[in-house]
Amino acid sequence: MPGTTPQPTSATRTRSWWGWGWADAHPDDAECAAMGALIPGTLAHPLPVPQVRDLAVGRPAVEPPASLAHLVATGPEERAAHAMGKAYRDVARALRGRPGRIPDLVARPTDEREVADMLDWAGERQVAVVPYGGGSSVSGGVEYRGDAHRAVLSLDMTAMDRVLEVDAVGRAARIQAGTLGPSLEDQLRPHGLTLRHFPQSFEFSTLGGWLATRAGGHYATGRTHIDDFVQSLRVVTPAGTSASWRLPASGAGPSPDRLFLGSEGALGIITEAWVRLQERPTHKASASLAFTDFHAALEAVRAIAQSDLSPANCRLLDAGEAALSGASHDGSAVLVLGFESADAPVTARLGQAVELARSHGGRRGDVDGAETADTDAAVGAWRSAFLRMPYLRDGLARMGAVAETFETAATWDRIPGLIEAVRTEVGQAALKASGHPATVNCRLTHVYPDGAAPYFTVLAAGRPGDEVAFWDDLKAVASDVLHRHRATITHHHAVGRDHRPGYDRQRPDPFALALRAAKGALDPRGILNPGVLVD
């Protein structure tokens, strides 16, 4: 249309080196100030957007070998962009000009041989190798901490980004680990198939990153963790390449794939995988229900999770979370339901789930469950807020506010007490530390017949200039609550370095012994993502 401003595409847009997603999608100063005004105790004006030129980026401590130099970048922008993930504490450090140790080199191998050559060279020179996919880690998984290594190499896998083979009969594909979510789905679309794994970071994360962190997808029930889709893996380690057989199932001893799923690059570099696919869904329906009683809503969700209806979406937002997303403004909790199928209408299943929710006090939203993509205003509001929230978090960080999330999972008998304890104890800790009240909201993101995954949002005024330590203190309180209630330190955000203390307390001692032995056997020089999972 004449006069229409062309919209930027992914080919022309620039990733933010310091914050989430696209650089042009962040709130401007006025929006930051407006958000900050809603949280007592924040800054009067937003902190400036950090610039790489203001960082002290020294010369690389090592030079790459001539045979691999064409794969390596040493410029300040590339190195700074690979220094951290995208957690709140990463954003807060960048805003204060303290990103931590910046890698000396950024390498982008194009095939498995080059990965192996990089590991051989790094091992000979005691260079730490930190695997990097899309860089969306929110648990300290893609940064180096300490000074035990001569230099640090960020191994960016995104040049290995192809769907290599599709088995349409068996509905599976062999895919390189550096393939970003949108590219993966674009390459599968001509075959009418989908991986159907959509984490919030989908646009900015890779298949290898999902596998290495045992990532959870958007879908609330059924197959949602990436583990469920894996047929086989290829993993390059300093001790050699592990290549498991592609099988539908096997009872032959401990699974080799299970050793590397969730290993976060500490045992090897995942280079490709055969993954199970599905036909693309054509039938969809969604609805929302409001609850005045959050505990009744929990019972409704449990009933639906145990009903075998298998909704694709079954997210329960408490009153605070519902208000934050725009799904409700009257103090009600909101249950968002969604169903989809590739071969059969889903309105009947949606209707059954709605009736179960109604039997526990749920009030129906404004639609009748017609099969359209956006049938419900609350559903649409939640979806938009879900995608926008990381950018708003960064805007609040510029105002000196703490705006962060953490997630867990526990059995149903522990869920009510766990949620109440987190809200109370984290809120009290924030008030004591800052003198200002905090908001602690909760939503259920994934539900199972035997339990659920609560996801908490914390909004608080930070201590100016000391925001990272303030958040670390709150996270320590939260981790103690999780441990006391026997809730996992992470349901789908991975361990990284930030969750390491909680993970050390959670895992059995004999397993820790075995993991250390595996680390010693596969990575004898200790170069792979040091400090992650095991020392």
Side-chain angles (χ1 to χ4, degrees), residues 112 115-116 119 131 133 141 157 164-165 167 170-177 179 184 195-197 199 205-217 219 221-278 409 446 448-451 453 488-496 499 503-504 506-524 528-529 532-534:
E112 200 170 87
V115 172
L119 295 190
M157 297 294 291
L164 299 172
E165 190 175 348
D167 174 6
R171 293 201 310 192
R174 182 165 66 98
I175 305 175
Q176 290 182 308
T179 310
L184 185 152
L195 179 59
R196 195 182 176 268
H197 183 76
S205 54
T206 63
L207 173 63
W210 303 339
L211 296 166
T213 61
R214 295 184 65 197
Y219 294 99
T221 67
R223 289 190 292 180
T224 186
H225 269 88
I226 196 66
D227 312 37
D228 302 323
F229 301 97
V230 174
Q231 284 187 327
S232 68
L233 298 178
R234 286 186 66 86
V235 186
V236 175
T237 82
T241 298
S242 172
S244 61
W245 288 12
R246 180 193 168 202
L247 296 167
S250 174
S255 166
D257 295 335
R258 288 284 175 181
L259 178 63
F260 296 106
L261 288 169
S263 63
E264 301 190 37
L267 303 180
I269 310 297
I270 298 171
T271 57
E272 65 179 59
W274 272 98
V275 291
R276 299 178 178 92
L277 306 177
Q278 304 171 57
H446 300 76
Y448 305 93
D450 52 349
T488 182
I489 192 63
T490 178
H491 172 263
H492 60 267
H493 279 173
V495 175
H499 292 150
Y503 177 64
D504 285 351
Q506 179 178 327
R507 66 185 176 193
D509 289 340
F511 180 76
L513 183 66
L515 189 58
R516 280 191 287 271
K519 173 74 170 177
L522 296 174
D523 180 25
L528 290 178
N529 220 1
V532 166
L533 294 183
V534 63

- Message: Please find the pair of heavy atoms, one from Thr221 and one from Thr224, that lie closest to each other, and give the distance.
- Response: O-CB, 4.5 Å

- Query: Which pairs count as side chain to side chain donor-acceptor pair (under 3.5 Å) when at least one residue sits in residues 512-522, sequence neighbours excluded?
  - Reply: Lys519-Asp523

- Message: Quick check for you: to the nearest 0.5 Å, what is the distance between Arg258 atom CZ and Ser263 atom OG?
- Response: 12.5 Å

- Query: Roughly how far apart are Ile270 CD1 and Leu261 CG, rounded to 0.5 Å?
  - Reply: 6.0 Å

- Roughly how far apart are Leu211 CG and His197 NE2, rounded to 0.5 Å? 8.0 Å

- Residues Ala494 and Thr213: closest non-hydrogen pair is CB-CB, 3.6 Å

- residues 222-253 vs ring pair (Phe, Tyr, Trp, His ring centres under 6.0 Å), sequence neighbours excluded, gives His225-His491

- Please confirm whether the backbone N or O of Asp167 pairs with a side-chain atom of Arg174, one donor and one acceptor, at under 3.5 Å? no

- Query: Looking only at heavy atoms, which two atoms of Leu522 and Leu267 are closest? And how far apart?
  - Reply: CB-O, 3.7 Å

- Rounded to the nearest 0.5 angstrom, the OG1-CE distance for Thr206 and Met157 is 8.0 Å

- Starting at CG of Leu233, measure out to CH2 of Trp274 and round the result to the nearest 0.5 Å. 13.0 Å

- Task: Examine distances only and state if a side-chain atom of Gln506 and a backbone atom of Ile489 form a donor-acceptor pair shorter than 3.5 Å.
- Result: yes

- Rounded to the nearest 0.5 angstrom, the CZ-OH distance for Arg507 and Tyr503 is 5.0 Å

- Item | Minimum heavy-atom distance between Ser244 and Pro256, given as atom pair plus value | CB-CG, 4.0 Å

- Task: Might you point out which heavy atoms bring Ala212 and Gly265 nearest each other, and give the distance in Å?
- Result: CB-N, 4.4 Å

- Message: So does Gly217 get a backbone contact from the side chain of His446, meaning a donor-acceptor N/O pair under 3.5 Å?
- Response: yes

- Message: Please give me the minimum heavy-atom distance between Leu277 and Ala173, naming the atom from each residue.
- Response: CD1-CB, 3.7 Å

- Item | Backbone of Arg196 reached by a side-chain donor or acceptor of Gln278 within 3.5 Å | no

- Query: Can you tell if the side chain of Trp210 reaches within under 4.5 Å of the side chain of Leu195, non-hydrogen atoms only?
  - Reply: yes

- Ignoring hydrogens and angles, tell me if any N or O in the side chain of Thr271 forms a donor-acceptor pair with the backbone of Arg234 under 3.5 Å. yes

- Query: Should Arg276 and Asp228 be marked as a salt bridge (charged side-chain N to carboxylate O under 4.0 Å, His left out) after you check the CA-CA gap, both sets of side-chain angles, and the distance that decides it?
  - Reply: CA-CA 8 Å; Arg276 299 178 178 92; Asp228 302 323; over 6 Å; no

- Message: Is there a side chain to side chain contact (heavy atoms under 4.5 Å, CB included) between Val230 and Phe260? Walk through the geometry before answering.
- Response: CA-CA 11 Å; Val230 174; Phe260 296 106; over 6 Å; no

- Query: Counting distance only, does the side-chain N/O of Asn529 pair as donor-acceptor with the main-chain N or O of Glu264 below 3.5 Å?
  - Reply: yes

- Spell out, as yes or no, whether a donor-acceptor pair under 3.5 Å connects the side chain of Ser242 to the backbone of Val235. no

- Task: May I ask you to test the Leu528-Leu119 pair for a side-chain heavy-atom distance under 4.5 Å?
- Result: yes

